[in-house]
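Quick note on labels: first sequence line is chain A, next is B, and so on, each numbered from 1. Just so you know, these numbers come straight off a predicted model, no measurement behind them.
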There are 2 protein chains.
Amino acid sequence: MNLLSYGLLGLLAREESSGYDLMLRIQPFWQAKHSQIYPLLARMESKELLASRWIQQSDKPDKKMYTITDKGIHMLQQWSQESLAAPVTRDELSLRLFCLWLTDKSSANRMLEERKRHFIQRIRHLEDILNDIPDEDLHFGSKNFGDYILVQKGLMNAKAGLEWCQMVLRMLLAGDVRADTNPFSLKP
Amino acid sequence: MNLLSYGLLGLLAREESSGYDLMLRIQPFWQAKHSQIYPLLARMESKELLASRWIQQSDKPDKKMYTITDKGIHMLQQWSQESLAAPVTRDELSLRLFCLWLTDKSSANRMLEERKRHFIQRIRHLEDILNDIPDEDLHFGSKNFGDYILVQKGLMNAKAGLEWCQMVLRMLLAGDVRADTNPFSLKP
DNA sequence: CGACGCATGTAATGCGTTACATGATTCT
DNA sequence: AGAATCATGTAACGCATTACATGCGTCG
């Protein structure tokens with residue numbers, strides 16, 4: 001059982017879903033292709049953490065719907081008690097900054113504008129998701145609460161990334177030194 | 001040539017280094033073990049992007065120092081012109097939030113405090129790196145400029161993460177609704 | 001008529017972690 | 001005496017992406 005399996009299990013704890021559906025729902029928070037998800041679901045079914053049934057559809061292809069079992073729920077609750085792994089980020093941009101000094105200014109500008117567009121798109125996307133979360137029952141214990149803070153997490157991150165882009169783009173224009181935009185510090 | 005290879009190449013474009021040294025320097029921005037780095041360096045040497053020589057040391061084990069070749073520099077400059085891949089983040093915490101509703105409040109609290117400590121540590125670490133970057137010559141084209149904005153990138157991200165933790169911890173205490181701490185929005 | 005969305009799967013390949021293997025010196 | 005740091009490598013395994021494979025319905 002890897003982390004992605006637990007993620008799928010967590011989504012299935014809320015409602016019966018197809019593999020295709022799970023792929024779409026998990027996408028914004030954990031990149032995974034269908035080719036990885038389908039085998040994991042099959043494996044979890046063989047371990048009796050999940051059960052499945054085929055639903056036939058007239059207009060679209062038939063789909064296999066998965067339901068979590070009691071054993072699956074139990075597995076999830078165990079996982080919640082374990083200690084948390086550190087987040088891992090792999091960003092090509094970080095590596096590119098190592099050799100920024102042998103790049104020309106216009107390439108650097110293009111690169112940062114590209115990343116800026118990426119963040120703006122992500123912010124739009126997450127704000128759309130946020131708007132689909134009902135306002136009522138937004139307290140610890142409601143299913144929406146987890147979704148709400150999860151989207152906020154992505155949103156605050158993307159906004160920080162966007163701010164960083166704008167800071168660097170400003171510095172490229174001004175051609176100068178230490179940014180004054182350093183909101184807070186641990187050492188005041 | 002994968003992204004990590006380019007990252008190593010980028011570091012070697014600045015100064016001759018050992019594999020061990022590269023591992024330590026790349027660590028804060030791209031997690032990679034020595035067992036991944038050593039074979040990549042050997043492969044790049046066989047492609048003549050790098051050259052190496054052994055340095056004997058009296059107090060410590062001997063080390064193999066790598067230097068970038070002209071071919072390596074050329075490869076790097078080509079890479080800088082290519083379009084940027086989107087960043088990939090894999091955070092167990094995101095997956096845990098999917099099933100937060102079947103967790104008790106004290107576990108949730110423990111989890112968030114754990115993550116909060118993680119961010120505080122990372123901020124300390126990055127601020128230490130920042131203090132080691134000389135203030136002079138901090139303009140586009142200097143080697144320090146890339147380092148400076150790279151560290152700022154990590155720092156702004158970690159600070160956003162810390163803020164998120166504190167927001168959620170406040171919500172858990174108050175037991176309530178939509179956070180008021182939503183600094184900016186794309187739709188004003 | 002071609003592209004895209006829905007829907008499920010397998011196979012090959014590449015990336016990353018853990019474990020195995022060695023060995024001197026320094027710090028606690 | 002035991003752990004940590006420096007230093008390099010290989011082997012086995014697990015995780016992730018790309019490619020292969022199929023097929024219907026809809027929209028432009």
Subject >> Position toward the 5' end of DNA chain C (nearest nucleotide), A:D59 or A:Y38 >> reply: A:D59
Original post:
Can you check the A:W30 CH2 to D:dA16 P distance for me, whole Å?
Top reply: 6 Å
Original post:
Taking C-beta and beyond as the side chain, do A:R25 and A:R14 meet within less than 4.5 Å on heavy atoms?
Top reply: yes
Subject >> Most 5' of A:P61 and B:P39 on DNA chain D, judged by nearest nucleotide >> reply: B:P39
Original post:
A:L3 CG to D:dG14 C1': how many Å, rounded?
Top reply: 12 Å
Original post:
Roughly how many Å is it from NZ in B:K60 to P in C:dC27, rounded to a whole number?
Top reply: 12 Å
Subject >> No-H, no-angle donor-acceptor pair, A:S35 side chain to D:dT18 base, under 3.5 Å >> reply: yes
**OP:** Grab the CG-P distance between A:L40 and C:dG9 for me, whole Å please.
**Re:** 12 Å
Subject >> For atom CD of A:Q36 and atom P of C:dA11, their distance in whole Å >> reply: 17 Å
Original post:
For A:E48, does the CD atom sit with more than 12 other heavy atoms under 6.0 Å from it, leaving out its own atoms?
Top reply: no
Subject >> Gap between atoms CD and P, on A:Q57 and C:dA7 respectively (whole Å) >> reply: 5 Å
**OP:** Determine which pairs satisfy side-chain hydrogen bond (donor to acceptor under 3.5 Å, both in side chains) with at least one residue from residues 56-65 of chain A, sequence neighbours left out, and list them in order.
**Re:** none
Original post:
Taking all atoms of both residues into account, what is the closest heavy-atom pair of A:S17 and A:L12, and its distance?
Top reply: N-CD2, 3.6 Å
**OP:** Whole angstrom is fine here: how far is it from NE2 in A:H34 over to P in C:dG9?
**Re:** 10 Å
Subject >> Interatomic distance, B:N2 CG vs C:dT17 P [rounded to whole Å] >> reply: 12 Å
Original post:
At under 4.0 Å, does any side-chain N or O of B:Y20 touch on OP1 or OP2 of D:dT8?
Top reply: no
**OP:** Please check the phosphate of C:dT18 (OP1 and OP2 only) for any side-chain N or O of B:K33 closer than 4.0 Å.
**Re:** yes
**OP:** To the nearest 0.5 angstrom, please state how far the CG atom of B:N157 sits from the OG1 atom of A:T89.
**Re:** 7.0 Å
Original post:
Do any side-chain nitrogens or oxygens of A:R90 fall under 4.0 Å of OP1 or OP2 in C:dG16?
Top reply: yes
